[in-house]
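If you read the sequence from its start, that first residue is 1, and numbering goes on from there.
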Amino acid sequence: MAKVAQKQQKRRREITEAVLPLLMTQDFESISVSDICSAADISIGSFYHYFSSKADILIGLLMLIDSDMESRVFPLLTSGDERENLSRFAHGWAEHVAANGIERSRLITSARPTYMDESGTKRVTTRKLEEIMARGQEKGQITRAMDAQELASMFLLAMRGVTVDWSRMNGEYDAVEKMDKFIGLFLTALRP
């Protein structure tokens, strides 16, 4: 990746991260671009250089999830049993969701799901799930009834479902425990 593109991604991430403290006291709809600019210590023109609208911050939040998963969870996906790797993936996702709170979860789950990152390439979480599914199919551990991309898409949908339910239920249950149970059932259905 070119240095300019890396610098732009880094700056987009910094601006997105500046929004996170605002979400502790306000809902996303009531946060203005001016509020974001104040928090990030940038001008409104600079904001629009990096984002076409306030809604683009939501894609930035998804990229923060991807970054956390890549650094904290992906190194744990070393099992020879790809269903175990999928279980660890979902567990790590739920840990991220629970650690970042209900308001942020509501905000992210209210955004239109995207499998693409800000540069227009497939998100790293999507690519990783597709890789795991494909390896599982090659090893005969996961059904071949659907292709790896479709299975990865369904897996993401299942994880988002638990995330949405947890945030709508105001965190009344342990998100990680519920994710583990739900994904355990899902993985049973993936057996060849």
Can you find a heavy atom in the side chain of [X] that is under 4.5 Å from one in the side chain of [Y]?
| X | Y | value |
| --- | --- | --- |
| Trp166 | Glu172 | no |
| Leu86 | Leu129 | yes |
| Phe51 | Thr16 | yes |
| Thr163 | Trp93 | yes |
| Met133 | Ile142 | yes |
| Gln8 | Lys3 | no |
| Asn100 | His96 | yes |

For a quick test of reading the model, state the closest non-hydrogen atom pair linking [X] to [Y] and the distance between them.
| X | Y | answer |
| --- | --- | --- |
| Ser105 | Ser167 | OG-CB, 3.5 Å |
| Pro75 | Ser71 | CG-O, 3.5 Å |
| Leu76 | Arg88 | O-NH1, 2.8 Å |
| Ala175 | Ala94 | O-CB, 3.9 Å |
| Ala39 | Ala18 | CB-O, 3.6 Å |

Using a 6.0 Å cut-off, check whether atom [atom1] of [X] has over 12 heavy atoms from anything other than its own residue.
| X | atom1 | result |
| --- | --- | --- |
| Asp41 | CG | no |
| Arg168 | CZ | no |
| Lys139 | NZ | yes |

### Task
Validate the cation-pi geometry between Lys128 and Phe74: distance from NZ or CZ to the six-membered ring centre under 6.0 Å, angle to the ring axis within 45°.
yes
Between the side chains of [X] and [Y], is a donor N or O closer than 3.5 angstrom to an acceptor N or O?
| X | Y | value |
| --- | --- | --- |
| Ser67 | Arg13 | yes |
| Asp35 | Ser38 | no |
| Ser79 | Asn85 | no |

Co-membership, hydrophobic cluster, residues [X] and [Y], 4.5 Å side-chain:
| X | Y | result |
| --- | --- | --- |
| Met154 | Leu190 | yes |
| Met169 | Val176 | no |
| Ile44 | Tyr50 | yes |

### Chi angles and distances behind the side chain to side chain contact (heavy atoms under 4.5 Å, CB included) call for Tyr173, Asp165
CA-CA 10 Å; Tyr173 56 79; Asp165 186 66; 2.4 Å; yes
## Note on the structure
Value for CZ (Arg12) from CD (Glu17), rounded to nearest 0.5 Å, stands at 13.0 Å
### Message
Rounded at 0.5 Å granularity, tell me how far CD1 in Ile36 sits from CD1 in Ile42.
### Response
8.5 Å
Give every donor-acceptor pair under 3.5 Å between a side-chain atom in residues 53-65 and any protein atom, sequence neighbours left out.
residue	atom	partner	partner atom	Å
Ser53	OG	Ala55	N	3.3
Lys54	NZ	Phe28	O	2.8
Lys54	NZ	Glu29	O	3.3
Lys54	NZ	Ile31	O	2.7
Asp56	OD2	Ser52	N	2.9
Asp56	OD2	Ser52	OG	2.6

### Message
For Met146, is there any backbone N or O sitting under 3.5 Å from a side-chain donor or acceptor partner on Gln137?
### Response
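Confirmed, Gln137 side chain pairs with Met146 backbone.
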### Short side-chain to backbone donor-acceptor contact, Arg123 and Asp66, under 3.5 Å
no
### Salt-bridge contact Glu131-Arg127 (side-chain N to carboxylate O under 4.0 Å)
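Salt bridge between Glu131 and Arg127, a charged N being under 4.0 Å from a carboxylate O: no.
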### Salt-bridge present (Glu138, Arg135; N to O < 4.0 Å)
no
What pairs of donor and acceptor atoms, side-chain ones from residues 179-186 against any protein atom, are under 3.5 angstrom apart with sequence neighbours left out?
residue	atom	partner	partner atom	Å
Asp180	OD1	His91	ND1	2.8
Asp180	OD2	His91	ND1	3.0

### Task
List the steps and the verdict of side chain to side chain contact (heavy atoms under 4.5 Å, CB included) for Glu84 and Gln141.
CA-CA 10 Å; Glu84 177 62 29; Gln141 298 170 344; over 6 Å; no
